[in-house]
Amino acid sequence: MKVIKAKIAEKKVKQIKINTDFIRLDSALKLADLVQSGGHAKAVIQDGEVKVNGEICLARGKKLHAGDKIEFELNVIEVSGE
């Protein structure tokens with residue numbers, strides 16, 4: 001019997017701080033250095049690759065507030081206020 005070991009990649013948790021009431025989803029992805037440009041952010045959001053608070057979000061203008069969480073690839077971004 002052959003034993004196969006697999007390592008499951010862990011999600012990286014990062015925090016971004018905002019000093020306004022909200023930040024748009026596409027801007028948050030850029031701020032967290034998860035995408036290279038606004039066009040890249042638009043593409044990954046429209047392709048359904050981004051989750052906000054556990055649900056797929058297709059709205060790049062989605063307003064995020066302190067306490068919201070973004071998931072993209074193996075990254076979790078927590079939005080926090082000052």
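All values below were derived from every heavy atom in this structure, side-chain atoms included, with hydrogens, water molecules and symmetry-related copies excluded. In this text, all values refer to a predicted model and were calculated from it rather than measured experimentally. In what follows, residues are counted from 1 in the order of the sequence shown.
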Would you compute the distance between atom NZ of K42 and atom CG of D47 and round it to the nearest 0.5 angstrom? 11.5 Å

Rounded to the nearest 0.5 angstrom, the CG-CG distance for L64 and N53 is 8.0 Å

Treat each ILVMFWY residue as a node, draw an edge where side-chain heavy atoms are under 4.5 Å apart, and state whether V76 and I18 are in one component. no

Run the numbers on K14 and L34 for side chain to side chain contact (heavy atoms under 4.5 Å, CB included), then give the verdict. CA-CA 11 Å; K14 186 176 183 180; L34 297 182; 5.8 Å; no

For L25 and A59, which heavy atoms make the closest approach, and how far apart are they? CD2-O, 3.6 Å

Which heavy atom of H65 sits nearest a heavy atom of D21, and at what distance? ND1-O, 2.9 Å

Heavy-atom closest contact (G81 atom, A66 atom, distance): N-CB, 3.5 Å

Closest non-hydrogen contact found for A32 with I16 is CB-CG2, 4.1 Å

In this structure, would I70 and F22 fall into the same cluster of hydrophobic residues linked by side-chain contacts under 4.5 Å? no

G54 and K51: which non-hydrogen atoms are nearest, and at how many Å? O-CD, 3.9 Å

What's the shortest heavy-atom distance between D26 and A41, and which atoms? CB-CB, 3.9 Å

Nearest-0.5 Å distance that lies between atom OG in S27 and atom CZ in R60: 9.5 Å

Nearest-0.5 Å distance, CD of residue E71 to CD of residue E78: 10.5 Å

Working to the nearest 0.5 Å, report the span between CZ of R24 and NZ of K62. 13.0 Å

If we only count heavy atoms from C-beta on, is the K12 to N75 side-chain gap below 4.5 Å? yes

Quick one: CG on L29 to CD1 on I45, what's the gap to the nearest 0.5 Å? 5.0 Å

For E55, does the CD atom have more than 12 heavy-atom neighbours from other residues, nucleotides or ligands under 6.0 Å away? no

